[in-house]
Amino acid sequence: MEQGSYNPFVTAQKQFDHVADMIGLDEATRVLLRQPAREYHFTIPVKMDDGSTKVFNGYRIQHNDARGPAKGGIRFHPQETIDTIRALSMWMTWKCAVVDIPLGGGKGGVICDPHNLSKGEQEKLCRGYIRQLGKNIGPDLDVPAPDMMTNGQHMLWMMDEFEAMHGGHYPGTITGKPVGMGGSLGRTEATGYGVVYTLREALKALGIDIASTTASLQGFGNVAEYCARLYVGLGGKLIAVSSWDNHDKKAYTFRRQSGIDVEQMASIKDSFGTINKDKAIEFGYEVLDGSDWIAQDVDILLPCALENQITPEAFTRISNKVRVICEGANGPTTPDADELIKARGIYLIPDFLCNAGGVTCSYFEQVQCNMNYFWTKEEVLEKLDKKMTSAYWAVHKLAEDKGLYMRDAAYVIAINRVAEAVKLRGWV
Ligand code: GLU
C-alpha cells in the first residue's frame, strides 16, 4: 500500500536504477526491466447476498517472463493500488531469479475487504477474477498463488473456474492449493520458515548464536506466524509481536519480556491475523501501540507485514542494540531508510531473498503437480532449506567480496540473471 509520500513502484524503480547504474546495464535492457511487460485491468461484477450487484476492480501484472512463466500472488485488500501491484510484480521477478527457479514475476490484486464478504461472495469474486483473466494465465503463461488475505480455498475456486473454462485438469495453473487438491505439504510454513533459514545463516555469518538473541516481529499473518514458530523453535526469544486489530481498526504491539508463547498467540488469532486483545491481557501480555514493535531493545527486527514500515522517521526509534533486520514482508524499507541502515551498519536480509521461501515452495508444488507425485513434508522442507541457504550465501559472499549492501548484492545477482535471459532470447 502507498503510505504517506512513499509509492512502492517508485521505490522498486529506484532500487533497480541504482543497481542498473552500478553494473552498467545497457539502455534497452534497463527500459525493458524497469517496468512491467503486461498489465490487465478489469472489472468483476459480483451478485451480493443482499441481491445487489457490486463491481470490484481487479488487476494482474506480468513484469517479466524471460526465465519462465510469470509467478506471484493475488492480494485482496481495500487499499490496493496499481503501483503497489507493479512494484510487487517486479520484486517477484527478482525473487525467482535470486533463488534461481525457472519462473518470472507477476502479481495480482482485487480492491476489496474480504472481512466484509461472505464465503459465497468470496467464491463469486474468485471465479469472476478468473473469468476475466483465464485466457491470460495458465501453467505456461502466468501462475498465481495466495498473498495478502487470500488462501488455499480462494486458489482452489480459481483453479476450478480455470479448468471449467479450459475443459481439463490443469493443477499447475495456480499454487498454494490445499493439500490433497494439488497443494504441496510445507507450503503453509514455507515463507515464514524461509525467512528464518536466511536469518539462521546470517547469524552464523555474523558469529551470533541464535539462542542468545531476542527479536521483535511486525505482523501475525501466515508469514509472521511461521517465522515466529521456527525462530523460537531454534532457541530465539521473541519478545514483541505487532498485529492489525480488525475490530478496533488499528494495530497493537503485544509484549512479554520473558518471551512470547507462539502456540498460545496463534490460538487466540482469527483467520485474518487479529489477536484477541482481552485474551492476550489475560495471558500476561502488555498491550502497546502498534508502531512500538520497532522500538524494542532487541537484536533482530522482523518486519513481516506491510510495505513502507521502516521510514527515516521510524528508523529514529530503532534501538542501537539491533544487529539484523530480516525483511519477511515485501518492500518494508524505504530507499531513504536504507541509507540510514547502511550508515549504522545494521545487517539487512533483503525482502526478495528473505521471503523467497513461499514462491520456492510454489515451484516445488508445480513440479509435484507435473509429476503427479507428492513429496513428504520433510522432503519439501529439506529442499526448501537447501535452496534458501545457497541463495543466502551467494548474496552474502558477493556483498562481502565487493563491499556491497546486502540489498544491492541480491539485486546484482537477480538483475544479471534476468538480463542474461532477455539477451539470450534475443529480446534486446
Ligand atoms: N505471494 C508470495 C510472494 O510474494 C508467493 C508467491 C508465489 O508463490 O507465487 O512471494
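All ligand and atom numbering here is 1-based and tracks the order in the structure. Small disclaimer: the values here were computed from a predicted structure and weren't measured. Below, each value reflects all heavy atoms present in this structure, side chains not excepted, and no hydrogens, waters or symmetry copies.
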Student check: side-chain heavy atoms of Thr213 and Tyr231 closer than 4.5 Å: yes
Option from Arg34, Lys14, Arg30 for which salt bridge (Lys or Arg N to Asp or Glu O under 4.0 Å) with Asp21 holds: Arg30
Glu121 and Lys124: CA distance, side-chain angles, deciding distance, salt bridge (charged side-chain N to carboxylate O under 4.0 Å, His left out) verdict: CA-CA 5 Å; Glu121 289 165 346; Lys124 286 182 199 158; over 6 Å; no
Min N/O separation Pro144 to ligand 1 under 3.5 Å: no
His41 NE2: over 12 foreign heavy atoms closer than 6.0 Å: yes
Centroid-centroid under 6.0 Å between His18 and Tyr411 rings: no
Min heavy-atom dist Arg75 to ligand 1 below 4.0 Å: no
Ligand 1 atoms in contact with Asn330 (distance to a heavy atom under 4.0 Å): 4 (O)
Residue, atom name and distance, where the atom is the protein heavy atom closest to atom 1 (N) of ligand 1: Asp147 OD2, 2.7 Å
Modelled atom types, side-chain donor and acceptor of Gln368 and Trp375, under 3.5 Å: no
Protein heavy-atom partner closest to atom 9 (O) of ligand 1 - residue, atom, separation in Å: Lys71 NZ, 2.7 Å
Which segment of Glu365 sits under 4.0 Å of ligand 1 when only heavy atoms are counted: neither
Aromatic ring pairing Tyr226/Tyr193, orientation class (parallel under 30°, perpendicular over 60°, tilted between): perpendicular
Atom of Ala70, atom of Gly105 and distance for their closest heavy-atom approach: CB-O, 3.7 Å
Region of Thr191 engaging ligand 1 - heavy atom pairs below 4.0 Å: neither
Protein heavy atom at shortest distance from atom 8 (O) of ligand 1: Ser362 OG, 2.5 Å
Protein heavy-atom partner closest to atom 4 (O) of ligand 1 - residue, atom, separation in Å: Lys107 NZ, 2.9 Å
Non-hydrogen atom of Ala356 closer than 4.0 Å to ligand 1: no
Taking atom 7 (C) of ligand 1 as the reference point, the nearest protein heavy atom with its distance: Ala145 CB, 3.3 Å
Aromatic ring pairing His166/Tyr170, orientation class (parallel under 30°, perpendicular over 60°, tilted between): perpendicular
Sub-4.0 Å heavy-atom approach of Gln366 to ligand 1: no
Asn355, any N or O under 3.5 Å of ligand 1 N or O: no
Sub-4.0 Å atoms of ligand 1 with respect to non-hydrogen atoms of Val359: 7 (C), 8 (O), 9 (O)
Shortest protein heavy-atom distance from atom 10 (O) of ligand 1, along with the residue and atom involved: Lys95 NZ, 2.7 Å
Closest to atom 5 (C) of ligand 1 among Met148, Met92, Arg187 (heavy-atom distance): Arg187
Between Trp91 and Gln15, a side-chain donor and acceptor under 3.5 Å: yes
